[in-house]
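Heads up, the thing below is written out as C-alpha cells.
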Amino acid sequence: MKKMLHGILYSMLYCVALMPFWLLYRLADVTFVLLYYVVRYRRKVVDRNLSESFPEKSRDELRTVERQFYRHFADYIFETIKLLHISDRQMSRRMTFENVDIIDRYTAAGRSVAVYFSHCGNWEWAPSITLHTRLKPDRGIIFGQVYRPLRDKWTDSLMLKLRSRFKSHSFPKNTVFRDIIRVCRNTGLPAVVGFMSDQHPSHGDLIHVVEFLNHPTALITGTETLARKLNMGVVYWDMYKPRRGHYHIVTRDITDSIADRETFSVTDQYADMLQSSIRRDPSLWLWTHKRWKNPVTFEDNEQPRHK
C-alpha cells in the first residue's frame with residue numbers, strides 16, 4: 001500500500017513538473033495564501049527569528065519581509081518540483097553564474113574546491129553549475145554536495161534524484177570526508193563540493209561561536225576542517241534573485257591557501273559574507289528553522305557539540 005501511495009504521489013509531482021512556469025507560479029500564489037494566512041506555517045518561528053535578527057526594523061517592515069519570505073518559499077517549493085522536468089537550456093537561462101573562472105582555475109591546477117553555500121534563494125538549483133564550468137561532471141571533474149539524510153526514505157530518495165539532475169553526487173554528512181577521498185582517488189579527478197554551512201554544527205564538531213544576526217551563533221566548523229585536510233581552494237556562493245524564477249550566483253574567492261590561515265578565520269569570513277547577503281535581501285533566507293533553539297555563549301568556543 002505504501003509503495004502504491006508513493007507511486008501516486010510521484011506521478012502527481014511529475015504532472016506538476018510538466019506545467020509551464022507561468023502556471024507553476026499561479027499555484028505558488030495560492031500556496032502562499034494557504035501557508036501564510038490559513039495554515040500559518042511556522043509563523044511564530046519566522047516572526048521571532050526576524051524580530052530578534054533585525055531589532056532596528058519596525059513592525060511594518062518586519063511584516064513586509066515576512067510576507068516576501070513566504071512568497072519566495074512558495075516559489076521555491078514549485079521550482080524544486082520542476083527539477084523533475086526541466087531542460088538544460090531552461091535551467092542555464094534561469095540559474096546563471098558569475099566568476100565561474102575562479103573554480104575553473106582551481107580545477108585546471110588539479111585542486112579540489114570547497115564551496116560555502118547556504119539556504120538562500122533556491123539552493124536546489126545550484127547544482128546546475130555543471131552547465132557552466134569548463135570541465136564537465138565525471139569526465140574532467142567531480143561535482144557534489146553534502147547533505148543530511150532525511151528520516152523518510154522515500155522523500156530522501158526523491159531529493160537525491162532531484163539533486164543529481166545535473167550529474168552531481170550527494171555525499172552524506174557523516175561520511176563526506178572519506179567519500180570525497182575515495183571518489184577523487186578512484187577517478188583521479190578534483191572535486192567541487194558544496195557545503196550548506198548555515199546549519200547548526202553536528203554532534204562532535206568543535207563549536208565556534210560568532211555574533212551573527214544579533215545572536216551568538218555556533219556555526220558549522222566541519223567545512224573548514226575538511227577543506228584544510230584536503231588543501232582545497234575555498235569560495236563562497238552569493239545568491240541573488242533578480243526577478244521571479246531567475247537566480248544569479250556570484251562566486252567570491254575566500255582563499256587559495258587555507259593552510260596559511262588562522263584556525264576558523266575562514267569560517268568567520270564566511271559568516272560575514274553570509275550575513276551581508278541576508279541583510280541585502282532577508283526574504284531569500286530560510287527563516288522557518290529554529291536556528292537558535294539551543295543558545296550558546298562565547299565561552300562555549302572550541303568545545304565539542306553534544307546536543
Side-chain angles (χ1 to χ4, degrees), residues 88 91-92 95-118 123-148 160 163-198 202 205-206 219-239 248-271 273-274:
D88 288 358
M91 181 55 74
S92 61
M95 179 74 253
T96 57
F97 291 81
E98 186 176 338
N99 297 337
V100 178
D101 59 296
I102 295 174
I103 293 175
D104 287 340
R105 186 174 68 245
Y106 281 123
T107 56
R111 296 276 305 280
S112 292
V113 183
V115 179
Y116 272 94
F117 198 36
S118 71
W123 55 93
E124 301 294 356
W125 280 13
S128 65
I129 181 66
T130 59
L131 302 176
H132 299 269
T133 52
R134 182 174 64 84
L135 297 175
K136 297 307 173 186
D138 295 341
R139 285 183 288 171
I141 192 172
I142 299 296
F143 287 94
Q145 56 274 330
V146 181
Y147 81 104
R148 297 189 180 193
L160 288 176
R163 288 165 181 165
S164 66
R165 164 64 183 82
F166 300 100
K167 301 180 180 179
S168 63
H169 301 262
S170 291
F171 301 114
K173 174 79 167 58
N174 292 339
T175 61
V176 59
F177 179 65
R178 69 168 178 263
D179 286 347
I180 292 176
I181 290 179
R182 173 180 50 79
V183 170
C184 291
R185 180 184 296 149
N186 290 346
T187 63
L189 301 175
V192 176
V193 184
F195 295 82
M196 303 294 286
S197 299
D198 59 340
S202 298
D205 284 356
L206 285 180
L219 293 183
I220 284 180
T221 56
T223 304
E224 180 173 340
T225 300
L226 190 148
R228 286 181 181 276
K229 288 181 178 178
L230 299 180
N231 190 30
M232 304 172 85
V234 184
V235 303
Y236 169 63
W237 272 355
D238 194 0
M239 175 79 84
H248 183 70
I249 286 179
V250 178
T251 301
R252 304 194 187 280
D253 209 357
I254 293 181
T255 183
D256 64 351
S257 184
I258 193 169
D260 297 332
R261 297 284 296 267
E262 292 184 6
T263 302
F264 298 139
S265 64
V266 169
T267 302
D268 289 339
Q269 187 174 345
Y270 163 69
M273 298 171 88
L274 174 58

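- Separating the CZ atom in Arg163 from the CH2 atom in Trp123 is a distance of 9.5 Å, to the nearest 0.5 Å.
- Note that CD of Glu98 and CZ of Arg252 are 7.5 Å apart. Values are rounded to the nearest 0.5 Å.
- Contact between Arg228 and Phe264 at its shortest, heavy atoms only, is NH2-N, 4.1 Å.
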Arg261 and Ile254: CA distance, side-chain angles, deciding distance, side-chain contact (heavy atoms from CB on, under 4.5 Å) verdict: CA-CA 11 Å; Arg261 297 284 296 267; Ile254 293 181; 4.3 Å; yes

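- Within 6.0 Å of the NZ atom in Lys167, the count of heavy atoms belonging to other residues, nucleotides or ligands does not exceed 12.
- Here the straight-line distance linking atom CD1 of Ile258 with atom OG of Ser265 works out to 7.5 Å at 0.5 Å rounding.
- Interatomic distance, Ser112 OG to Leu226 CG, rounded to the nearest 0.5 Å: 10.0 Å.
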Could you check Asp138 against His169 for side-chain contact (heavy atoms from CB on, under 4.5 Å), going step by step and ending with a plain yes or no? CA-CA 10 Å; Asp138 295 341; His169 301 262; 2.9 Å; yes

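- Nearest heavy-atom pair across Leu135 and Phe143 is O-CE1, 3.9 Å.
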Under 3.5 Å, side-chain donor or acceptor atoms of residues 181-196 against the rest of the protein: list the pairs with distances, not counting sequence neighbours.
unit_1 : atom_1 : unit_2 : atom_2 : d
Arg182 : NH2    : Asp179 : OD1    : 3.4
Asn186 : ND2    : Arg182 : O      : 3.3
Thr187 : OG1    : Val183 : O      : 2.8
Thr187 : OG1    : Leu189 : N      : 3.2

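- Using cut-offs of 30° and 60° for the angle between ring planes, the His132 and Phe97 rings count as tilted.
- The only option from Asp101, Asp253, Asp256 that meets the side-chain hydrogen bond (donor to acceptor under 3.5 Å, both in side chains) definition with Tyr106 turns out to be Asp253.
- Scanning all heavy atoms of the two residues, the minimum distance from Phe166 to Pro127 falls at CB-O, 3.7 Å.
- In this structure, CD1 in Ile129 is found 4.5 Å from CH2 in Trp237, a value given to the nearest 0.5 Å.
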Take Ser118 and Leu274 through the side-chain contact (heavy atoms from CB on, under 4.5 Å) test and state the conclusion after the steps. CA-CA 8 Å; Ser118 71; Leu274 174 58; 3.4 Å; yes

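- A donor-acceptor pair under 3.5 Å is formed between the side chain of Lys136 and the backbone N or O of Thr130.
- Using modelled atom types, no side-chain atom of Ser257 and backbone atom of Ala259 make a donor-acceptor pair closer than 3.5 Å.
- At least one side-chain heavy atom of Arg105 sits under 4.5 Å from a side-chain heavy atom of Ile102.
- Between Arg111 and Gly233 the shortest heavy-atom distance is NH2-N, 3.4 Å.
- Classification of Asp104 and Arg134 as a salt-bridged pair fails, no side-chain N sitting under 4.0 Å from a carboxylate O.
- For the residue pair Met95 and Met239, the shortest heavy atom distance occurs at CE-SD, 4.2 Å.
- When each of Val235, Ile220, Val266 is checked for a side chain to side chain contact (heavy atoms under 4.5 Å, CB included) with Tyr116, only Val266 meets the rule.
- Atom-to-atom distance recorded for Thr255:OG1 and Asp260:CG is 7.5 Å, nearest 0.5 angstrom.
- Among Val115, Asp238, Ile103, Val113, the one residue that satisfies the side chain to side chain contact (heavy atoms under 4.5 Å, CB included) test with Thr251 is Ile103.
- Nearest approach of Thr96 to His248, heavy atoms of both residues: OG1-ND1, 2.7 Å.
- Put simply, the side chain of Thr267 does not reach to within 4.5 Å of the side chain of Thr223, judged on heavy atoms.
- Side-chain N or O atoms of Tyr270 include one that pairs as donor or acceptor with a backbone N or O of Phe117 at under 3.5 Å.
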